[in-house]
Amino acid sequence: MPIRILSEEVASQIAAGEVVERPASVVKELMENALDAGASQVVIRIEKAGRRLVEVADDGVGIPREEIRLAVQRHATSKLETADDLFHIRTLGFRGEALASIGSVSRLTLTSRSAKDKSGMRLIMEGGQIKTVEETGAPAGTVVRVEDLFYNVPARLKFLKRDLTERQQIDALVTRYAVAYPERRFQLYHDGQVTLQTAGSGDRREVLATLYGIELARQMLEITLEDGDMRINGFISPVSLTRSNRREMTFFINGRWVQDVMLSSSVLQGYHTLLMVGRYPFTVLFISLPPEEVDVNVHPAKAEVRFRQPDRVFGAVQRAVRRGLLAYSAPPPITTTVWRGSPRQSAAVPPMIDPAWEMAAETKTAQREVSTVPSVTQPNLPSGQVPLLRLLGQIGATYLVAEGPDGLYLIDQHAAHERVLFEKLLSQSRGDVPTQILLEPVVFQLPPHGAQLLTEQLPLLTRLGFDVEPFGMNTFRVRALPALLTKSDPVAAVRAVVEDFEEDETPLQAEQEARLIARVCKRAAVKAGQALTPEEQSALLRDLEACQSPRTCPHGRPTMIHLSVDLLERQFGRRGSR
Amino acid sequence: MKVSVSQQQLAHGLSMVSRAVSPRSTLPVLANVLVATDDGRLRLSATNLEMGITCWIGAQITEQGAITVPARTFSDLVNQLPNELVHLDLNASTHTLNVRCGMSNTDIKGIDAQEFPPMPVAAPQEGVPLNVANFKEMIQQVAFAASTDEARPILQGVLMTAADSEVTLAATDGFRISVRKAALSEPLPVPIQAVIPARALQELARIAADGEQVMTMSVPSGRGQVIFHMKDAELSSLLIEGNFPDYKAIIPRSFKTSTTMTTAAFLKACRQAEIIARDGNYVVRLNILPGETEPGKVEITAQSEETGFSENSVEAAIDGPGLVIAFNVRFLREVLEVIKTPSVVLQTNANNTPGMIKPAGDENYIHLIMPMHLG
């Protein structure tokens with residue numbers, strides 16, 4: 001094939017690919033334009049997760065009538081004049097690419113009236129070609145309608161995730177900007193229904209309460225730190241409030257949402273040793289720096305930034321978080337000033353595990369290699385099953401100690417209970433599930449994308465024996481629980497369904513069901529540190545013996561460690577030293 | 001300190017306070033019991049920082065003093081001593097308590113009494129007399145319904161409201177509610193409302209004597225504590241903060257069916273059903289069958305895939321339409337075990353609304369249980 005210059009149309013579609021990747025990127029570009037235009041209200045309407053329609057309406061300055069054609073030209077912007085300006089960017093946008101890019105891959109209608117004009121203009125563009133420009137009556141501000149996104153780029157259409165995922169992306173984006181700009185009013189409609197709405201009162205905690213629930217907003221700790229020309233403020237979660245993924249660590253730099261691994265790890269450093277492994281805080285931090293200290297022109301979608309003095313920024317973030325945590329670290333709830341004496345310290349003893357302590361799941365092969373003493377009988381067990389165990393006791397309120405015919409077993413009570421609940425719930429979900437009705441239904445709130453997810457899972461929850469129903473915008477009501485789970489907090493069990501959801505998780509239906517059950521069980525199972533009565537301990541052992549695969553919890557962690565008789569003999573030097 | 005006390009009284013006192021000892025605490029002194037002279041009597045105290053118990057026993061004091069000694073060691077020893085006078089002699093410089101009784105002579109190493117957390121003291125004017133016949137029974141009828149789930153602390157408590165001449169205890173775990181009222185022999189000067197940990201009340205029931213008991217209760221303002229003071233003992237506990245559910249709104253005002261049964265027969269049937277039901281999520285079905293000509297009956301059935309099937313019938317006087325309703329049998333058994341009247345009334349409306357159990361002819365106690373539902 002000979003080399004040739006690409007046609008204008010193809011070139012602009014390629015460029016569009018960098019900026020417009022999915023419906024959420026359209027929302028981002030248009031929303032940032034609206035914010036740059038000084039809008040006090042941003043109304044976003046989405047249909048079919050953005051495939052059918054993305055519309056962003058604002059009441060900002062609008063586009064002067066004579067400039068409307070220019071607005072959709074590539075590299076046309078009012079936000080930048082010289083290359084020098086690139087280093088003092090105070091607006092969210094600056095490339096002048098957004099409208100042109102979006103216009104080249106959709107049917108775009110731009111309606112705008114600037115405050116000083118009497119009438120507005122409407123411009124219609126299809127696949128990058130301006131079709132009509134006409135005068136029209138319009139309220140001051142700008143409305144951009146993006147219909148049939150990617151209608152002319154079927155390849156990209158194919159790469160869109162399922163609607164739920166695309167919706168989540170949009171929800172997560174708008175939620176974050178709503179928090180970042182508490183003084184602006186945001187409204188988000190999906191298929192005609194309001195799913196997010198903020199009052200624009202300027203109170204950030206109020207916005208958090210609207211979007212994430214009052215309980216969370218009440219607990220969040222507010223932090224501020226000033227270091228010369230840098231300012232950090234925002235909210236961080238107390239150590240008692242954690243998430244199982246990093247996604248709820250949000251950063252805004254000079255009003256722009258960025259995702260930066262280094263910033264997240266600075267926050268985690270601030271929480272160092274205070275969080276359990278695998279738990280992440282919920283934070284929203286706003287960093288403001290002089291524009292020349294940060295280069296936002298690194299990534300087409302501006303999701304990444306570069307700092308002139310990265311260490312200074314990361315250090316400040318870490319300090320701010322640490323200081324905030326320490327300042328707010330309340331005494332444990334149960335102690336009062338009248339009692340003298342120090343509160344319980346969690347004695348953090350590093351685990352000392354001899355490598356010879358094998359995981360129970362691996363011992364079978366190991367045992368066969370070592371020629372066992374004739375007196376020790378190794379019962380032939382069906383694969384993976386555990387023998388009958390005799391309970392010896394509980395240690396550290398976390399592990400059960402039991403004796404089997406082939407040695408000593410240490411059992412993690414949480415993991416074991418998880419396994420037991422998991423198998424019981426799973427088998428019940430295929431038949432009649434006894435449920436226990438609550439005295440009083442419990443009402444709780446979820447963030448929009450969580451609510452969406454839970455709504456999707458309601459049929460499965462019903463089959464498991466939950467009775468959960470929608471109860472207004474992003475709010476649900478729990479009326480009954482599976483009888484198995486009556487010892488746990490109903491709301492926590494239901495929340496677990498959406499909390500640990502991983503992005504783009506699209507397993508098969510059966511697998512998804514198992515994962516969901518696993519999540520619920522994790523929440524409902526007895527915790528480490530919970531003292532169990534001897535009856536409860538032996539009941540747990542009995543239940544574990546009855547399990548199909550008792551040696552691991554539903555997440556794959558081992559439930560038990562097995563110290564074989566053989567190993568004990570060698571360790572005590574009764575038989576050939578190691 | 002030089003003190004002589006009777007072995008029996010000392011052993012009894014130690015068994016009383018030992019329930020507040022926290023042997024696994026990181027603060028070693030909490031595994032100890034405080035032994036101190038106090039105004040002509042010997043005082044024993046133990047605390048786990050949430051709950052504290054003190055008791056006083058008569059003693060012959062020749063020298064004042066105080067020491068803490070390991071609770072387990074001391075009470076095991078005292079239990080083995082002969083039923084004679086026990087002589088306690090403290091060597092203050094080595095913190096060693098010499099225990100002499102009959103032919104036995106033991107030295108126990110202790111920890112300085114200064115390190116023992118101060119026990120909360122109620123100002124005398126703050127106490128209100130709580131003269132209730134059978135306060136102990138009240139606690140036993142209510143406290144078991146509290147939750148044991150640490151995630152919901154407020155439900156681990158018992159709501160106590162006292163105003164004018166009536167005191168009410170209420171507890172719920174989200175599935176059942178127990179409410180018991182009693183008249184006070186004298187009206188209260190100020191109303192009281194507090195959420196007391198169920199565990200503390202259960203200990204109180206254990207150390208309180210049966211029958212009429214003179215007890216003063218203090219809720220010192222702003223300290224989040226409650227102190228129950230009896231003649232020879234005192235129990236203090238932290239209160240639970242938070243809003244207790246508005247249980248009154250949940251209790252139905254009327255019921256369609258009223259089923260009266262012999263308490264013992266119903267309890268026995270439940271116990272038998274539980275043997276089968278415990279492997280099937282504790283579900284039992286009550287089939288309430290009003291009789292046309294002959295007396296009515298309630299059929300109690302339990303089924304478990306692994307264990308089997310059981311059915312029991314209890315004769316009943318039934319007023320209202322019949323109904324099949326499922327309950328957690330453990331909930332039924334636990335309430336029937338604390339009902340002392342010969343007959344018990346079960347009131348129901350539908351299979352998805354709460355059933356109420358109360359002693360026949362006694363309006364002071366009600367127990368509400370949410371039914372189960374078979375999907």
Side-chain angles (χ1 to χ4, degrees), chain A residues 332-347 396-397 424 427-429 431-442 462-467 478-493 523-524 526-527 529-533 536 539 542-543 546, chain B residues 22 24-27 29-30 47 49-50 52 115-121 147-153 155 172-177 197 220 223-225 236 238-241 245-247 249-250 278 280-283 305-306 326-328 331 351-354 368-375:
Chain A
I334 203 81
T335 48
T336 68
T337 49
V338 185
W339 300 100
R340 203 190 57 187
S342 64
R344 251 170 211 238
Q345 300 149 353
S346 55
K424 284 191 178 174
S427 69
Q428 275 184 5
S429 69
D432 280 358
V433 192
T435 64
Q436 170 71 57
I437 306 171
L438 295 173
L439 269 171
E440 205 181 14
V442 194
T462 308
R463 262 194 299 133
L464 290 179
F466 285 94
D467 182 350
V478 188
R479 304 200 324 164
L481 283 183
L484 259 180
L485 302 181
T486 47
K487 286 202 172 151
S488 56
D489 184 353
V491 173
R523 198 33 85 86
V526 296
K527 304 284 176 298
Q530 207 166 320
L532 301 177
T533 63
E536 288 171 319
R542 270 205 317 277
D543 286 343
Chain B
S22 63
R24 277 186 296 275
S25 170
T26 47
L27 208 60
V29 76
L30 297 185
T47 175
L49 295 186
E50 286 171 27
E115 287 187 30
F116 196 76
M119 302 289 279
V121 182
S147 169
T148 50
D149 180 7
E150 284 171 18
R152 287 176 294 175
L155 299 187
T172 176
D173 61 3
F175 308 109
R176 53 184 168 162
I177 308 176
R223 291 204 336 223
Q225 290 174 330
S236 57
L238 292 187
L239 294 177
I240 301 176
E241 281 173 38
D246 179 17
Y247 66 88
I250 301 167
R278 65 187 167 207
N281 293 312
Y282 291 93
V283 189
E305 260 177 48
E306 291 123 48
F327 286 111
N328 183 323
F331 291 173
N351 67 2
N352 60 357
T353 58
L368 205 66
I369 308 180
M370 272 324 264
M372 295 179 96
H373 181 74
L374 293 165

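In what follows, chains carry the letters A, B, and so on, assigned in the order in which the sequence lines appear, proteins first and then strands, with residues in each chain numbered from 1.
- Expressed to the nearest 0.5 Å, how far OH of Y282(B) lies from CG of L484(A) amounts to 11.0 Å.
- Between the side chain of E440(A) and the main chain of I250(B), no donor-acceptor pair closer than 3.5 Å is present.
- With sequence neighbours left out, the side-chain contact (heavy atoms from CB on, under 4.5 Å) criterion links D173(B) to S147(B), F175(B), R176(B), F331(B).
- Legend: residues meeting side-chain contact (heavy atoms from CB on, under 4.5 Å) with V442(A), ordered by chain and number and at least two apart, are L438(A), P490(A), V491(A).
- For the options A483(A), P482(A), A480(A), heavy-atom pairs under 4.5 Å to chain B are most numerous at A483(A).
- Between N328(B) and Q436(A) the shortest side-chain heavy-atom distance falls below 4.5 Å.
- Options A249(B), P153(B), G174(B) differ in how many heavy-atom pairs under 4.5 Å they form with chain A, and the most are formed by G174(B).
- Between M370(B) and I437(A) the shortest heavy-atom distance is CB-O, 3.0 Å.
- Rounding to the nearest 0.5 angstrom, the gap separating the OG1 atom in T172(B) from the CG atom in L439(A) is 4.5 Å.
- Ranking L155(B), T353(B), T148(B), I177(B) against chain A, the residue ahead of the rest is I177(B), based on heavy-atom pairs under 4.5 Å.
- H373(B) contributes atom NE2, which lies 13.5 Å from atom CG of L481(A) (distance to the nearest 0.5 angstrom).
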